[in-house]
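Note that the structure is a prediction, hence the values are computed from the model and not measured. We name chains A, B, ... by the order of the sequence lines, and we start the count at 1 in each one.
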Amino acid sequence: MPLASKFDASLVEEKWYAYWMKNNYFSSKPDGREPYTIVIPPPNVTGVLHMGHMLNNSIQDILIRRARMRGYNACWVPGTDHASIATEAKVVARLKEQGIDKNDLTRDEFLKEAWKWTDEYGGVILQQLKKLGCSCDWDRTKFTLDEDMYASVIQVFVDLYNKGLIYRGYRMVNWDPEAKTTLSDEEVIFVEKPGFLYHIAYQVEGSDEQVIIATTRPETLLGDTAVCIHPEDERYQHLKGKRVVVPIVNRSIPIIEDEYVDREFGTGCLKVTPAHDINDKTLGEKHQLEVIDIFNEDASLNANGMHYEGKDRFVVRKEIANELEQLGVLLKKEQHQHNVGTSERTKAIIEPRLSDQWFLKMEELAKPAIDAVLQTEEVALVPAKFKNTYRHWMENIRDWNISRQLWWGQQIPAFYFGEGKNDFVVAVSPEKALELAREKANNPNLMQEDLRQDADVLDTWFSSWLWPISVFDGISSPENEEINYYYPTQDLVTGPDILFFWVARMIISGYEYRNEQPFSNVYLTGLVRDKEGRKMSKQLGNSPDALKLISDFGADAVRVGLMLSSAAGNDLLFDVSLCQQGKNFANKIWNAYRLIDGWEVDNNAPMDTLNESVLNWYEAQFNATLVIVEDHFEKYRISDALMALYKLIWDDFCSWLLEAVKPAYGSPIDAPSLERLKSLFEQNLKVLHPFMPFLTEELWQNMQQRSSSEALLVSTWPKAKDVDESIISSFELTTKLVSGVRNFRKQRNISFKEKITLHLVAKASQVGFHDVLCKLAGVDAIHWEKETPATSGAAFRVESIECFIPLDGNVDAEEERKKLEEELQYAKGFLASVRKKLDNERFVSNAPEKVIEIERKKEADALEKIALLEKSLSTL
RNA sequence: GGGUGUUUAGCUCAGUUGGUUUAGAGCGCUACCUUGACAGGGUAGAGGUCAUAGGUUCGAAUCCUAUAACACCCACCA
């Protein structure tokens with residue numbers, strides 16, 4: 001059956017994906033081969049595919065498919081992340097729609113809802129990855145809340161606690177009043193927002209004087225416990241040791257002195273609210289100030305807020321400003337730009353809040369991870385510029401707040417048995433906890449019911465930081481076959497936005513629990529932006545629907561489109577026209593095959609000599625390109641690798657090889673040529689397969705009947721053979737001659753059908769592929785001349801070869817002269833630039849011999865060219 | 001405020017330790033061609049004082065300094 005003239009991706013994608021799955025090509029088990037392992041950055045379980053996923057999963061699939069073809073035991077472990085805050089927020093929102101408040105449910109009831117949600121939407125994204133062609137070992141799919149994964153996390157928590165690295169502390173944390181949970185520093189996004197700087201007068205006790213403080217948050221004065229001045233501030237020397245009265249609350253508070261105060265900012269006088277500002281808290285501890293918390297969990301005012309109790313902080317801000325104004329103590333309200341911390345997930349403005357939280361000490365843990373990246377390079381960051389960022393963060397690392405006031409996640413395995421500060425134990429199970437608690441409390445009568453487990457769950461990243469180990473069960477059984485075989489993994493492909501959240505922490509846990517790096521290379525992709533350079537986001541609505549792109553262009557085309565412009569670490573400005581280019585490329589390959597497939601074959605003819613020579617050339621060209629492609633892969637320059645192949649196929653294979661080999665219309669091709677051509681085409685399909693898996697498999701299978709062990713994705717990646725450079729340069733000269741003649745035809749408006757005779761002032765041995773030259777340039781004969789023929793005609797040069805074509809007097813001498821003169825001018829300019837160097841004594845004495853030689857050759861070539869041009873001009 | 005990076009053709013980017021580059025690719029653009037694989041095609045062409053200003057050097061897109069614009073990271077002065 002003849003092939004359709006256009007490649008229709010929709011007809012083949014599902015078919016081949018099912019075929020690959022059926023034959024278990026993606027599955028991996030430890031064996032004698034060398035492993036090549038990638039663990040997927042687990043997407044949020046209820047997430048949907050977006051451009052960022054498409055990009056980094058395409059890259060992973062390219063790497064995995066290539067490794068598989070190169071004979072590695074390729075293992076790509078897929079999975080999803082429970083994403084505690086993101087998922088919980090979605091579930092809470094859904095319940096709200098149904099009129100249910102989270103707080104009306106018990107923990108178990110809520111978790112049941114969350115699991116329902118997870119079962120409903122969970123894994124949709126993994127199905128979408130299949131549409132993209134991702135060859136993950138789906139039997140290994142993991143979820144961070146799977147029982148065994150959960151157990152690993154708990155085990156690690158207990159272990160780190162027992163090592164003294166996890167502690168419970170009353171600290172100032174980032175509080176998200178909407179999600180009612182703490183956030184790590186990394187989850188807080190600072191946004192510049194307009195606000196006001198309020199100048200408020202505080203009455204000095206026993207004096208008529210007032211001190212004026214400046215604040216952006218007047219509502220917090222309800223929690224003020226001091227006013228602070230700089231000890232050397234001359235303006236305020238007389239206030240030392242005095243007290244002031246907080247307006248509205250009429251509380252008497254001390255004036256303290258501290259060098260922390262910036263005399264230049266505001267009035268140089270600072271109000272101190274230890275409960276609601278990290279710096280104030282530090283001051284408070286230093287000066288032993290009282291701590292007055294004025295907020296509830298949702299950032300409404302508590303009983304300390306007096307008549308503002310129950311009202312939201314921002315409502316109170318306005319109302320309190322009014323009240324201060326009425327009292328005559330609000331002296332000024334000026335515009336002020338400042339950075340406000342907001343929650344990455346809920347966008348709520350963060351409230352610094354004091355509370356009991358669990359922390360992981362990071363400084364010691366981070367040390368091996370710093371060395372691994374900066375010293376030993378056991379982990380290479382690609383591109384390397386991220387090393388600086390990494391160092392900066394790691395060297396200033398702070399303790400990690402790992403507790404979250406949420407329900408969706410691993411519940412912290414701390415069990416309280418009394419009201420005392422230390423009346424708790426940490427254990428992997430309630431039973432074990434009871435044992436420990438009885439011991440610690442010295443009370444054998446303690447019962448299971450007397451234990452209360454900590455209500456908080458662990459930060460999501462506290463489970464994903466173990467991902468490369470826990471997916472192989474390496475925490476609970478550190479010596480199992482799988483972890484020993486697959487770990488350390490080879491490449492990790494992810495976005496730089498989670499370098500600290502995730503990558504750095506995986507390196508840390510890798511050294512802590514395996515004594516080895518979790519992966520050797522980290523390929524950091526760029527962010528996908530739109531044409532205008534804006535980050536793609538749901539809010540802007542500028543992110544194309546990933547699945548629609550696949551259905552519009554085909555998965556292969558989308559992969560090519562993404563790869564064409566995504567150097568590691570550089571953001572990529574995505575435009576759907578790139579997918580069109582990918583689709584065009586797919587179609588080009590499709591039609592190349594259709595051409596070959598449609599020829600009649602002469603089974604008795606021997607191999608044509610033209611065919612043989614040009615097939616030899618293509619083979620050399622293929623190998624030369626393969627060397628380049630391998631080098632690009634080594635350096636993770638995947639878009640360059642693809643571009644090299646794109647040119648190989650489009651230009652070398654289609655434009656030159658196929659055009660050269662193509663038999664005259666209706667004539668057959670000899671069988672040996674066709675066979676060799678097909679085998680070269682198969683090589684093309686192999687190297688393209690990682691980029692365009694569906695199209696290549698379709699053509700591969702179409703070429704001949706293949707058994708299940710002969711699928712393209714499990715075929716052998718070609719090994720570059722030694723390349724005969726001379727055949728490549730010789731062919732290159734021929735192509736230039738062909739272009740020269742074509743250009744000549746165009747200028748003179750000579751149709752391709754009209755054969756011309758070509759005179760070359762050269763020896764026949766200087767030029768190769770004479771028959772190719774004739775066929776592709778429409779030349780009926782080549783004459784090899786000692787000098788330019790004296791007959792009427794026109795001349796042009798290709799490199800140093802003068803080409804002459806006889807014409808019947810209709811030479812446009814003016815045109816010709818103009819062109820020649822332009823060329824002459826360029827050549828003279830070029831010569832001048834070369835001579836400028838050669839005439840410079842210091843150049844000759846300082847530059848290396850090799851460079852001088854090159855310049856001398858350039859000079860000689862230029863002179864020769866000028867002579868030729870002048871001769872041609874004189875004969876006009 | 002501190003740091004890192006970017007700035008090369010209309011667009012997106014290469015340009016490897018300064019010297020075969022009076023700068024390359026892909027796309028786009030222009031002209032022409034095209035009834036035998038593909039118009040999603042072919043051939044040819046136009047297009048850049050390599051952000052700006054200095055400096056180092058025999059020689060700078062490449063190294064140094066300053067400036068500007070943009071991007072990202074870190075900090076969070078009320």
Side-chain angles (χ1 to χ4, degrees), chain A residues 3 5-7 185 188 190 197 213-217 220 228 260-262 264-273 277-280 336 338-341 383 385-390 392-393 396 496-497 499-500 527 529 531 533 535 564-567 569-575 577-578 580-581 583-599 635 637 639-640 643-644 646-647 650 654-655 658-659 662 664-666 739 742-743 745-747 749 751-752 826 829-830 832-834 836-837 840-848 850-855 857-858 861:
Chain A
L3 295 169
S5 72
K6 286 175 185 172
F7 170 57
D185 292 339
V188 178
F190 283 89
L197 196 56
I213 58 93
T215 180
T216 53
R217 303 194 55 192
T220 60
C228 189
Y260 162 75
V261 177
D262 176 357
E264 306 299 314
F265 188 88
T267 59
C269 191
L270 172 75
K271 72 186 204 57
V272 186
T273 322
D277 183 280
I278 182 72
N279 299 302
D280 290 13
H336 180 66
H338 61 153
N339 286 334
V340 180
K385 68 178 178 188
F386 285 106
K387 277 162 106 173
N388 283 329
T389 325
Y390 181 85
H392 189 259
W393 192 76
N396 296 292
D497 48 334
L499 183 60
F500 307 132
L527 290 174
R529 295 170 176 279
K531 244 177 129 177
K535 198 168 161 177
L564 279 175
S565 68
S566 63
N570 283 350
D571 287 359
L572 85 102
L573 305 186
F574 183 79
D575 180 358
S577 71
L578 290 168
Q580 185 60 49
Q581 195 182 341
K583 192 174 176 181
N584 293 352
F585 185 42
N587 197 52
K588 183 79 181 174
I589 300 164
W590 174 263
N591 275 291
Y593 175 68
R594 201 157 73 95
L595 174 68
I596 299 170
D597 193 48
W599 287 331
K635 294 171 182 152
R637 301 170 65 139
S639 55
D640 289 339
M643 187 45 75
Y646 182 93
K647 287 192 232 178
W650 203 298
C654 294
S655 299
L658 290 185
E659 292 300 333
K662 187 194 271 183
Y665 184 61
S739 292
R742 283 173 177 168
N743 193 15
R745 284 177 180 280
K746 196 184 155 197
Q747 283 172 355
N749 217 356
S751 149
F752 188 81
Y826 180 91
F830 185 75
S833 82
V834 173
K836 202 172 141 197
K837 287 186 204 169
N840 185 329
E841 241 177 73
R842 284 188 291 181
F843 170 75
V844 181
S845 52
N846 287 324
K850 215 173 107 192
V851 175
I852 295 172
E853 221 165 278
I854 288 161
E855 293 297 323
K857 181 154 191 325
K858 281 203 279 190
D861 288 351

B:C38 base / A:K588 side chain donor-acceptor hit below 3.5 Å: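 By the distance-only test, yes, there is a pair.
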Gap between atoms CZ and C1', on A:F574 and B:C27 respectively (whole Å): 14 Å
B:C64 versus B:A60 - spacing of their P atoms, nearest Å: 15 Å
Integer angstrom distance from the P of B:C58 to that of B:U16: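 B:C58 and B:U16 have their P atoms separated by 23 Å.
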Tell me whether the OP1 or OP2 atom of [N] has a side-chain N or O from [X] closer than 4.0 Å.
X	N	value
A:Y390	B:U4	no
A:W393	B:U4	no
A:R842	B:G19	no
A:K662	B:A37	yes
A:K858	B:U20	yes
A:S739	B:A44	yes

Using a heavy-atom cut-off of 4.0 Å across all strands, would you classify [X] as base, sugar-phosphate, or nothing?
X	result
A:F500	sugar-phosphate
A:Y646	sugar-phosphate
A:K6	base
A:C654	base

Pair assignment for RNA chain B - dot-bracket with | for other-strand partners, Watson-Crick or G-U under 3.5 Å: (((((((..((((.....[....)))).(((((.......))))).....(((((..]....))))))))))))....
Euclidean distance, A:E855 CD relative to A:N840 CG, rounded to 0.5 Å: 11.5 Å
Gap separating the CG atom of A:N591 from the CG atom of A:D597, nearest 0.5 angstrom: 11.5 Å
salt_bridge(A:K850, A:E853) N-O dist < 4.0 Å: no
Aromatic ring pairing A:W393/A:F500, orientation class (parallel under 30°, perpendicular over 60°, tilted between):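 Plane angle under 30°, so parallel.
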Parallel, tilted or perpendicular, as decided by the 30° and 60° cut-offs, for the rings of A:W650 and A:F585: parallel
Qualifying residues under salt bridge (charged side-chain N to carboxylate O under 4.0 Å, His left out), relative to A:K635, sequence neighbours excluded: A:D631
Donor + acceptor pair across side chains of A:T389, A:K387 (<3.5 Å): no
Of the listed nucleotides B:G42, B:A37, B:G41, the one nearest the side chain of A:N591: B:A37
Which nucleotide in B:G26, B:A37, B:G15 has an atom nearest any side-chain atom of A:Q581: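 Of all the options, the side chain of A:Q581 is nearest to B:G26.
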